[in-house]
Structure formats: structure tokens, C-alpha cells
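First comes the structure, then the notes that go with it.
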Amino acid sequence: MSNRGNGTRKNVNNGNRRVGRRALLAAAGAGVATTSLAGCLGGEEGLTIGHLAPMDNPLGVGSERSAQLAVDEINDDGGFDGGEAELITRDTRTDPSEAQDATEELVQQENADVLVGTFNSETTQAIQDLTAEFDVPFLITGSADPGLITDTVGSDYEEYKNIFRVGPINSDLQAESIADYCAYLQDTHGWSDVAFLRDQAAWTEPFGELVPEYLPERGLEIVHEDALSIEIDDLAPVVSDVNDSGADFVLRFFAHINASEMLGIWHSSEYEFGVEGIHVPGMHPAYHALTEGAASYETTSQSGAAGVTAITEKTQPFVEEYASTYEGEDPPVRAPMYMGFNTYDAIYIYRDVVDSIETTSTRDALDDFVDAMLEVEYTGVVGNISFYGRDSDYPHDAQEERNDDGSISNYPMTQWTPEGEIECVYPEAHRTADHQQPSWMQ
Amino acid sequence: MISTILLLGTILSTVPGRLEGVAGSVRRNVLLPIGRGLDRLLAPIDRAMVPAATAYNHRFGRYFGEMSGLQLAFVAASLGALLTAGAWAPLVLGGLLRTLALASIWAIFAMSWDIQSGYTGYISFGHSALSGAAGYTMAMLLAHVDPALPLWITAPLSVLAALVLGLLIALPTLRLEGPYFSLITFVAVLLFYRLTTAFGWLGGIPGFSEPDVFTWNPVVRYYYMLVPMLLIAAALTFLARSNLGMILVAIRENESAVSAAGIDPTKFKIWSFVLSSIPMGIGGVLLVGFTGNVDPNTFVVADNSIEMIAMAVVGGMSSILGPLGGAFFIEIFSHEVLHGFSTPVRYLFLWTLVLLVLVFARDGLFRRIWHRLGDVGGGEG
């Protein structure tokens, strides 16, 4: 329960319509106000951070632990504009309706001052209207679909200005980064023929459009292409198709599909192709052990690079703190998965913004909040974070970082070694080891 | 070893007898005195309400069923509580209004299931397909035809779609009895579920987010859901008490006797589908307006159909108002009492409760309460 109710908020005049609605909601929430008023009397002003993630998924667990870590650290370090934050996590079960239920609870019952999280893009999309309606700052930390920004903040700025994406960089930018990575594979191993597979889901649609455009520009050829139903339960024919295509590597984008079976077949048959791209289940820190080594030589891109490399001076301290805090608990214990890195940064960014606008009531001071967010230049655990401005193609989206040669540098690629270690193999600036071909291809 | 088994067998064989003894003793020494105390407490209310009940019975009794004074008080108090919830619910719990709004939608589903399955005895496991038909029709009209279509066009078409699907399911089931009927309805919902994910234009797992919610204002939204629910409850109660309802019950009791009496059961089974599909369609439209997202998990999954049955069973099958009470009971139990538990734990508790009701109060909690109220002061239930 929040320690502040609706009725205790200062109302800021944002126009007649909003005040009317607020007044109505305040009337509806009067009871909440009275019951929670006792909590505000005499205490310093605090705030509630609502965290949304699929909690039956290690990715969600990692995100919640990272969020709690950030909140605890900040509370111990002077708090959010002097106030302590309470973190409330709600399970979205990767189900749009469940996410809506959870969000409504956080917004209306718990009076969350900010929402952080959500994993799959469909879930995020389902709650955007709700967050906009109630002017709750919403910091996306798990979803990559560009449409989450272009169809909202990009199409009706005033309505959706509460939405920011802290990370990962959107799928359009990811497609470009991965195309550059494919060019690196071609330079390194001479791999030029690509089998291109993806989940049939919102987040991979930009890959479906852009990868067939980007790869030929870099001298690579797509020899096989397929968008797989996320309910697929037999990957053997898919592996067989890839092998028959004669591809040098399969470039796959799987968040919903668990490709463990595919990796098992690949290893046992020693098929002559590499397995590259994005595979969210493969980001689990215990994935190599869980697949009994079948993940060896598999790569996946992930913001934060699984914490194996010092992307910034904050990355390693965060990973060490995470590992020591959650030692002995269920995986992921060594490091959270990518969403955790973004969530951790999001909460620190929120603290900085709250400190600069000198209020924790960010729902009531949304314009100030937005202005301050657009000024953010934050060095986090995933890199340097800043947001695109109102007039850009992706307003309020996380900006990509670029190397001197113009290639994107904040979407690192990791590879499982046969020893079960994770190495960062791309980009060069963060590299901890060279990319390895499967042993049977060496 | 053998002696141990014999000993265990002896103990186990005496346990049920002992349990019955304990239950009997609890009933005699605890429940009956409490019941007598309640009787003494409630009898004056019953007596005070007798004139109002007599007036009601005289005017409406034959349409909606006769009530004792206390039963009338119970209905009036429940109705009053529901109609004024916009004012008091936020004072009790922050999210209670939301739960009540959701319960209103589920009450429509449970009552719709009841008028067909509860009354005719043909148990349908596929009712969520009907609300799904309405929801998907609405979403697809907005997504594929025109996003600006007004509600007065999309809503009737959606209800019509539910009716058409209801009749489509009805056709192959008319010649079937017992488990075969249930199997067909179950297959229908499984087919529908797979259909939603088989073709991209049906939205897949994420479904459609095109429909707008009616409103995010919790008070206004609650009344948007409550008023249609109350109207449907009144209409279904009226129909269930009419000759039509009697024939549906007669089909459940003895279908061949109904045929022998010169009444065509097939015609009335089709009517039960019609009576059920239309409110299911209305409920589907309301659910679209509540969530703004039409996806297989919200509208189609077989779990939803089972949940409707659970609500009807907990409330009391073939009573219309019982399933209504069951829906409110289960929604409040799930969202408010078990609030904070993870989803799997919540459902574990919920299904255990359903199991307990099935074992210990097979006629449903609300029917029990209803008859108990009718018994106070020797009134007729």
C-alpha cells in the first residue's frame, strides 16, 4: 500500500479536461485517501515505484531483484528528493490482459508515481493507453518494438508524453547493429550466406523488414527466411531447412521461442552453420548448464552484455553487488538478464530527475518530469543513456551510442563457450574474447 | 506386517464413522444453536418485511418468483448495495469497484451459462467461445473495417455474431446427449482458440488492441457494467420462471417425457441456445469495453468456460440469481481476499473452494442461503 493517497496530491492545472477527470477520480479515491492519510502525517514524503514483469520468467525475477537493489541503494543514499521509495512488483504473465489488470492496480490502488518494466512488446502496448490516461511516467525497460514509441509519443505527443524507453535500443536500431555484426562475422570467418528466422511477434517485425535490406548492403545473402509461430513445438524441421539451405549461419530472433531443442539437434548432428542473433532464453545465466552444453557457441545480443565486460565503470560493481545480494537464491544469480540492467538504470535515472525537479509527485508535475528526462545524460550499467527529443523519429526512445566508424556500440553480442562461460564478442570496444566457430567447423 | 495392515485397515474403517460423529456433534452443539440464534435475530426483520413481501408477491410474484419477508430484504439490501457501490466501494478498498465491475461481467456469463446448461442439464464447456465471438467481431470490425465505427453499429453486430456461433454449435449437438454434447462444446472452444492463433489476421496471442475502453473512470465504468447485468438478470429470471423455463427444466428431468407430452424438445433446446448466446454476446461487448484488448487469453481459453461453470456451481445451478452471486463471490474472493498471492496460488485456493462447495454444498452456497432465509419464521422459500 502506498503511504500517500490520491487526495494528498497537489493538483496541477493542466487544462480543464484533466482537472475534471482528476476531481472525479479524487472523489472515487477519497476512501483510499482517508485510509492512507495516516501514513503521510508527520513522515517525509515518499513514493511508490510500480514494477511490471513476467514473474514466472527468470528475466522478470532478475528485473525485480535489480529494481529492489536500486531502490535499496537509493533509499540508503538520501532517497528520492529526500523521500523513501517503496517498490511494488506485479506479475504480467506476458499476457496483455493480465498486464492491464496489474497496471490498473498499481495506478489506481497503489497510486504508483512511476511505472517501470514490461517485457514482451504486446504487453507493453496493452498498458500504454492506461498509463497515458493517468499521466503516470512509464519507463520501458524490456520491450524493443519501435511502434511502442512511434505509435504513441510519435503520433500524439501530448497524450503519450509520459512514456520513455530506457532500454533496450529499439528493434530498428538493433537490426542495424546486428547487420554490422554480421559483416564482422563475414570479415572474420568468411560467412556470407544467412538463414534468417524470427518469432512471429511485434518485436521482430522491424527485423523482418530491415534485415533483408541491410544484409545485401553489407555483401551478405539471405538464402532462407521464415517467421515461426511462437507456439511452435517442433524445431527439427526448421533446423533441417536451415541445413538444406547451405547457410553459413542462422540469424534468428527468438524471445518467445525457446531454441534449446534446435541447439541440441545442431550439436548432435554437427551441422555446418553458426547460430547467431538474439535468443532471450539463451541470456539466462544458467542456460549453458540447463542445456547440458548444447548452448556452446550460441550467441545472443543483449544490453548489458550479461555483465561480463566493463561497459562503464558501473557495470562490474552492479553485477558483483547483484551476485552477492542474491547468492544462494534461484537463478539468475550471477547477473540479471538484459531487462534487469535496464530496470536498474531506469530507477537511478528516475531518482536523478526527481531530485532535479524537486518533487516525487511526478504524476502531477508531468511536464517538468518530461523536460528533465529530455535533459538526461546518464552513465548507467548498460552505457550512456539519453533520450531522443520530441521532433525526432523516435521521441523519448533510448538513443543508440555510436563508434567513430558510425556503427552502434550499445548493443553488445555475447557467446557461450564450450566451458560454459559467457564472453562478449562484439563490438570491439567491449570484447572479452574473439568469436569462435563451432569446434566441428574449425 | 499383516497385523500392521489389519490395524491400519481397522483404524481407517472407523475414521469415516468417527468423522460423521464429529460432524453430527458439531452440527448439534455449534451450528444448530447459531442457527436458532440467527432465527431469533432475523425473525423480526422477516415480520417487518411481510407487508412489503405480500405486496411484491401479489404484483410480481408470478413473474419473478415469490419471496418471504426476509428474502425480499436480502434482495433489496443486495440491490441497494450494488447500486450504491460507486459511493461506498472506494471507501472500503481501493480496487473494489474494479473487482465489482469485473464481477458484473462474469455474472452475465455465469447466468447465461445457467439458463442453458443449468436449466436443461446439457453441460456446455464451450461458453467462452460465444463471448469470444462477440469480442473478436468487435475487434475485427475496428481493426479491419473502420477504426471509427461507433458502438451502436459494432455492439449489435457482435451480439449477432455470438448468436450465430451459438446456433452453429447448437446444430450438431441437437441429436446428441450427455457427454457427447459437452464434448462438442469443448471441441468448439478448442477450435476457436487454435483459430485465433492460426492466422495472422486473427491477431495471434497478443490479439487486438484497437478497441477503446469505454472509460478508465472506475465509478462510471462500474455502472456501465452493472446496469446491463441487472437488466439481464431480471430478464433471465423472468424467462426462467416462465413456461419456457419450466420446459427447459423438464428436458433436464426427463426429455422423453417432454416429447411424449407433444412438446418438441429440440425446439426448446435451440431456444436455450438463443437465450444464452445473446447475453453472452452482450457480456463479450462489455468485456471489450472493460479491457480494450481482445486476445485469446481474455476471451477464448477453455479456462474461462470452466470458470463460468464454477461460478454457477458455487452460487447454485438453475437459479439465475445463484450464479450471479457465485460470480461476485468468486471475483471478490480471487481479487480482494487472495490479493497479493501469485496467480497460480490464487487459482489453487479458488479451485479448492469450488471442490469444497461441490462436495459439501452441491446445490450451491447462495441457494442454501436463500432457502435458509425462507425458512426463518416458517416462511415459504
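Worth saying up front: this structure is predicted, and the values here are computed from it rather than measured. Just the heavy atoms: all of them, side chains too, but no hydrogens, waters or symmetry mates, feed the values below. Each chain gets a letter, A, B and so on, in the order the sequences are listed, and its residues count up from 1.
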Checklist entry - Do the charged groups of A:R90 and A:E110 touch, with an N to O distance under 4.0 Å? => result yes

Checklist outcome for this item: Bottom line for B:S209: the part with an atom under 4.5 Å from chain A's heavy atoms is side chain

Item to check | Close side-chain approach of B:N297 and A:E98, heavy atoms under 4.5 Å | outcome: no

Checklist outcome for this item: Taken to the nearest 0.5 Å, the spacing of A:I232 CD1 from A:N258 CG works out to 12.0 Å

Next on the checklist: Under 4.5 Å from any heavy atom of chain B, what part of A:D101 do you find: side chain, backbone, both or neither?
Outcome noted: both

Item to check | A:L148 side chain near A:Q128 side chain, heavy-atom distance below 4.5 Å | outcome: yes

Checklist entry - Side chain, backbone, both or neither: which part of A:I230 has an atom under 4.5 Å from a heavy atom of chain B? => result side chain

Checklist entry - Say you draw a straight line from CZ of B:R98 to CD of A:Q109; how long is it, rounded to the nearest 0.5 Å? => result 8.0 Å

Item to check | Contacts with chain A made by residues 277-290 of chain B (heavy-atom distance under 4.5 Å), listed by residue number | outcome: none

Item to check | For chain B, the option from A:Q200, A:E122, A:Q125 that forms the most heavy-atom pairs under 4.5 Å | outcome: A:E122

Next on the checklist: Using the rule side-chain contact (heavy atoms from CB on, under 4.5 Å), only one of A:I140, A:T141, A:T124, A:V153 pairs with A:R165; which is it?
Outcome noted: A:I140

Checklist entry - Less than 4.5 Å apart, any side-chain heavy atom of B:T99 and any of B:L102? => result no

Checklist entry - Can any side-chain N or O of A:D199 pair as donor or acceptor with the backbone N or O of A:H256 at less than 3.5 Å? => result yes

